[in-house]
Amino acid sequence: RWDGAARGGGDEEQGGEDSAAQQVMVSSDNLSPRHDQDEGAMYARRGVFNTGIVFLKHTKGAKKFAEAWNAHLNAKEGRYARLTSDQQVFNAMAREEGQWPGLSPHVLPAGFPTTRVLVANGLLDGSTFRLGVLPVALFNPGHVYFLQREKLLQTMPG
């Protein structure tokens, strides 16, 4: 589990969902693996989520997310209609409209490590979903990897 929290709250078959686990996981365009490791969700929520890597857990919440993302991508009017990419729609739907950063960290019990899970918005019924942010050091988006690689190549002799 990305947030290291203990399992709690039951499972979906019993009518609940794991209270600490994410339902959707995504990479980010953040640039600092150190800040990402130290701050987790608090760092990630200030950046842009990168839909190059998205994982959906097999839960009702993730299914509701996928249905909402699809509906928002196909919107002909409203706040999502003007957006031109799946990544823009993802970022807009995850945040509270008109708020920055518009995401709250998922609260863990005292003594647990920094959470990587955010409470996100944008579902069709107005409910929230748990968004896990993948570690920057392990899941770099393409442009971050290539920018870092370019700097490395510039410093190499020859």
Side-chain angles (χ1 to χ4, degrees), residues 1-12 16-73 79-80 83-149 151:
R1 305 225 345 233
W2 292 110
D3 64 1
R7 185 167 177 83
D11 58 47
E12 237 181 338
E17 289 191 34
D18 186 323
S19 64
Q22 62 283 348
Q23 297 161 322
V24 177
M25 293 178 287
V26 67
S27 61
S28 79
D29 282 343
N30 288 340
L31 300 175
S32 173
R34 185 177 52 104
H35 287 299
D36 182 68
Q37 180 180 344
D38 293 347
E39 300 174 45
M42 297 304 284
Y43 175 67
R45 73 185 190 145
R46 297 186 305 264
V48 174
F49 302 116
N50 186 308
T51 56
I53 303 174
V54 176
F55 296 109
L56 303 178
K57 190 173 183 178
H58 188 70
T59 64
K60 291 176 186 172
K63 183 177 178 183
K64 286 170 59 175
F65 163 80
E67 290 168 350
W69 195 15
N70 184 53
H72 296 324
L73 282 167
R79 80 183 264 217
Y80 301 104
L83 302 176
T84 60
S85 73
D86 62 301
Q87 185 164 305
Q88 289 178 332
V89 170
F90 186 102
N91 278 277
M93 71 180 279
R95 291 174 161 80
E96 290 181 58
E97 187 173 10
Q99 304 292 316
W100 186 259
L103 293 156
S104 302
H106 179 73
V107 179
L108 295 176
F112 279 93
T114 304
T115 186
R116 301 203 60 78
V117 181
L118 296 161
V119 177
N121 305 277
L123 298 182
L124 297 174
D125 64 2
S127 63
T128 61
F129 64 97
R130 290 183 302 276
L131 176 63
V133 184
L134 297 166
V136 170
L138 300 175
F139 297 90
N140 320 76
H143 79 271
V144 172
Y145 172 81
F146 290 111
L147 287 174
Q148 298 298 327
R149 183 80 176 150
K151 285 186 178 216

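The analysis underlying the following values was restricted to heavy atoms, covering all of them including side chains, and did not include hydrogens, waters or symmetry mates.
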Side-chain touch L131/F90, heavy atoms, less than 4.5 angstrom: yes

G102 versus N121, closest heavy-atom pair with distance: O-ND2, 3.5 Å

Less than 4.5 Å apart, side chain to side chain, heavy atoms only: is that true for V24 and W69? no

I want to check something: taking the side chain as every heavy atom from C-beta on, are K64 and D125 in contact at a cut-off of under 4.5 Å? yes

Grab the two heavy atoms, one from L56 and one from A66, that are nearest each other, plus how far apart they are. CD1-CB, 4.0 Å

Could you check whether any side-chain N or O of R45 sits under 3.5 Å from a backbone N or O of P101, counting only pairs where one atom can act as donor and the other as acceptor? no

List in chain and number order the residues that pass side chain to side chain contact (heavy atoms under 4.5 Å, CB included) with Q37, two or more places apart in sequence or in another chain; answer none if no residue qualifies. none

Taking every non-hydrogen atom, the tightest pair across M93 and R79: N-NH2, 4.5 Å

Are S32 and V136 side-chain neighbours, meaning at least one heavy-atom pair lies under 4.5 Å? no

Atom OG1 in T51, atom CD1 in I53: separation rounded to 0.5 Å? 10.0 Å

What one should report as the nearest heavy-atom pair of R116 and L134 is NH2-O, 3.3 Å

For the CG atom of L118 and the CG atom of L103, what is their distance to the nearest 0.5 Å? 5.0 Å

Residues which pass side chain to side chain contact (heavy atoms under 4.5 Å, CB included) with L124, listed by chain and number, not counting sequence neighbours: A68, A71, H72

By ring pair (Phe, Tyr, Trp, His ring centres under 6.0 Å) - contacts of F49 (at least two apart): none

Sole residue of R95, Q87, Q88 in side-chain hydrogen bond (donor to acceptor under 3.5 Å, both in side chains) with N91: R95

Return the minimal non-hydrogen interatomic distance between A92 and L83, and the atom names on each side. CB-CD1, 3.7 Å

Quick check for you: to the nearest 0.5 Å, what is the distance between Q23 atom CD and K57 atom NZ? 8.0 Å

Could you tell me if the side chain of E39 sits less than 4.5 Å from the side chain of R46, heavy atoms only? yes

Quick one: CZ on F65 to OG1 on T59, what's the gap to the nearest 0.5 Å? 11.0 Å

Any non-hydrogen side-chain atom of L123 less than 4.5 Å from a side-chain atom of F129? yes

